[in-house]
Amino acid sequence: MPNTPPLTYPGSPATPATPASPLTSPASGHAEGVSNEEFRAAMSRLASGVVLVTAQEPPLDPDDPLAPRGEDVGMTATAFMSVSLDPPLVLVGLREGSRMDDLLDEQPLWAVSVLAESQRHIAGRFAMKGRVSDRLLFADIPYVRGEATGAPLAGGALATLECRTEQRVPAGDHTLVIGRVLTAALPSADGGPLAYFRGRYRQLG
């Protein structure tokens, strides 16, 4: 995930070149024999697209149409994929107990903005640990509200999807949220996608 600190790899400029060897850390190993470091290093070689997942907190009083709306919440994700064409389903992985995981446990409507290479600052902002309030995170980012979900859709995104949760699947320290796609749009055709590879945001080419 984008909030995982970058790893240092054998042969990188930060370390002398040495023959490739398994990373070992008995303290963080598992019964299967794969350590956290080995798993992170292996999966960091898988390039992923980067998306912004957003949702709006339910109103404080759902029975009162004049009650103030809840805050907008957003998070950067790389564990995102399509699941089915008929019906149209997508999946996003959320860290168990994160604010977005807790929110989507009670709010079935959410949205995804597929970030362009020029939106690296958005990805970094919404992946920060110990970040400021969500209200301030959205303050200077252009967005429109989705008609089906009310969630923010990032301006300039390569694609946007609005979803309704169909299923939540516990998976280790994450929750897999499967959503039915309610709307899909292509607001911007400029630029390439933002990618995540070896612990860093990157551009294709």
Side-chain angles (χ1 to χ4, degrees), residues 1-3 43 46-59 62 69-120 122-127 134 137-138 141-197 201 203-204:
M1 303 290 289
N3 57 7
M43 295 310 297
L46 176 65
S48 305
V50 184
V51 302
L52 176 66
V53 181
T54 55
Q56 188 180 66
E57 292 178 330
R69 295 185 305 184
E71 281 197 345
D72 296 318
V73 178
M75 62 157 278
T76 303
T78 57
F80 176 77
M81 62 180 291
S82 63
V83 174
S84 167
L85 181 62
D86 186 15
L89 300 175
V90 294
L91 177 152
V92 64
L94 307 176
R95 191 177 71 254
E96 184 183 24
S98 65
R99 186 174 185 193
M100 185 62 74
D101 183 33
D102 291 342
L103 174 57
L104 294 194
D105 193 29
E106 61 173 325
Q107 167 61 281
L109 299 175
W110 46 282
V112 172
S113 299
V114 180
L115 298 182
E117 58 191 5
S118 62
Q119 296 178 308
R120 183 181 305 196
I122 296 178
R125 176 182 296 190
F126 283 90
D134 290 284
L137 290 179
F138 283 100
I141 293 178
Y143 65 85
V144 297
R145 291 201 176 276
E147 294 182 2
T149 63
L153 304 173
L158 296 181
T160 59
L161 305 166
E162 293 185 88
C163 308
R164 182 183 65 240
T165 298
E166 294 269 299
Q167 189 176 0
R168 289 172 56 87
V169 182
D173 58 6
H174 275 62
T175 302
L176 306 181
V177 181
I178 300 173
R180 180 183 291 255
V181 178
L182 305 176
T183 70
L186 306 176
S188 176
D190 296 332
L194 182 63
Y196 192 71
F197 179 66
Y201 299 116
Q203 299 176 202
L204 296 184

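Keep in mind that the numbers below use all heavy atoms, side chains included, and drop hydrogens, waters and symmetry copies.
- By the 4.5 Å heavy-atom criterion applied to side chains, Gln119 and Leu52 are not counted as neighbours.
- Listed by chain and number, the residues in a side chain to side chain donor-acceptor pair (under 3.5 Å) with Asp102 amount to none (sequence neighbours excluded).
- Residues that satisfy the salt bridge (Lys or Arg N to Asp or Glu O under 4.0 Å) test with Glu96, not counting sequence neighbours, are absent from this structure.
- The side chain to side chain contact (heavy atoms under 4.5 Å, CB included) test with Trp110 is passed by exactly one of Leu103, Val177, Thr54, Val73: Val177.
- Counting heavy atoms of neighbouring residues, nucleotides and ligands inside a 6.0 Å radius, atom CD of Glu147 does not exceed 12 of them.
- Listed by first then second residue, pairs satisfying side chain to side chain donor-acceptor pair (under 3.5 Å) with a partner in residues 82-94 number zero, not counting sequence neighbours.
- With sequence neighbours left out, the side-chain contact (heavy atoms from CB on, under 4.5 Å) criterion links Val144 to Leu153.
- Here side chain to side chain donor-acceptor pair (under 3.5 Å) pairs that include residues 151-162, with residues two or more places apart or in two chains, are Thr149-Glu162, Glu162-Thr183.
- When all heavy atoms are compared, the tightest approach of Ala157 to Pro187 is O-CG, 3.1 Å.
- Applying the side-chain contact (heavy atoms from CB on, under 4.5 Å) rule to Pro142 yields no partners; only residues at least two apart in sequence or on another chain are considered.
- Scanning for side chain to side chain donor-acceptor pair (under 3.5 Å) contacts around Glu166 gives Arg180, with sequence neighbours left out.
- Using modelled atom types, no side-chain atom of Arg168 and backbone atom of Thr175 make a donor-acceptor pair closer than 3.5 Å.
- Residues Ala151 and Ala55 approach most closely at CB-CA, 3.9 Å, considering heavy atoms.
- The two residues Arg95 and Asp101 have their closest heavy-atom pair at O-CB, 3.4 Å.
- Annotation: side chain to side chain donor-acceptor pair (under 3.5 Å) contacts of Gln167 (sequence neighbours excluded): none.
- For Val53 against Val92, the heavy-atom pair with the smallest separation is CG2-CG2, 3.9 Å.
- Judged as a side-chain contact (heavy atoms from CB on, under 4.5 Å), and not counting sequence neighbours, the contacts of Pro193 are Leu158, Leu204.
- Across all non-hydrogen atoms, the minimal contact from Leu176 to Gly93 is CD2-CA, 4.1 Å.
- For Phe80, the ring pair (Phe, Tyr, Trp, His ring centres under 6.0 Å) criterion is met by no residue, not counting sequence neighbours.
- Looking at Glu57, its side chain does come within 3.5 Å of a backbone N or O of Glu71 through a donor-acceptor pair.
- The heavy-atom pair separating Ile122 from Thr76 by the smallest distance is O-OG1, 4.1 Å.
- A 4.5 Å side-chain heavy-atom check between Val51 and Val114 finds at least one atom pair inside the cut-off.
- Summarising the geometry, atom CG belonging to Leu109 is positioned 9.5 Å from atom CG belonging to Leu104; distances are rounded to the nearest 0.5 Å.
- Residues meeting the side-chain contact (heavy atoms from CB on, under 4.5 Å) test with Arg120, sequence neighbours left out: Leu194, Tyr201, Gln203.
- Residues satisfying the side chain to side chain donor-acceptor pair (under 3.5 Å) criterion with Arg145, sequence neighbours excluded, are Asp72.
- To the nearest 0.5 Å, atom CG of residue Leu94 and atom CE of residue Met75 are 5.0 Å apart.
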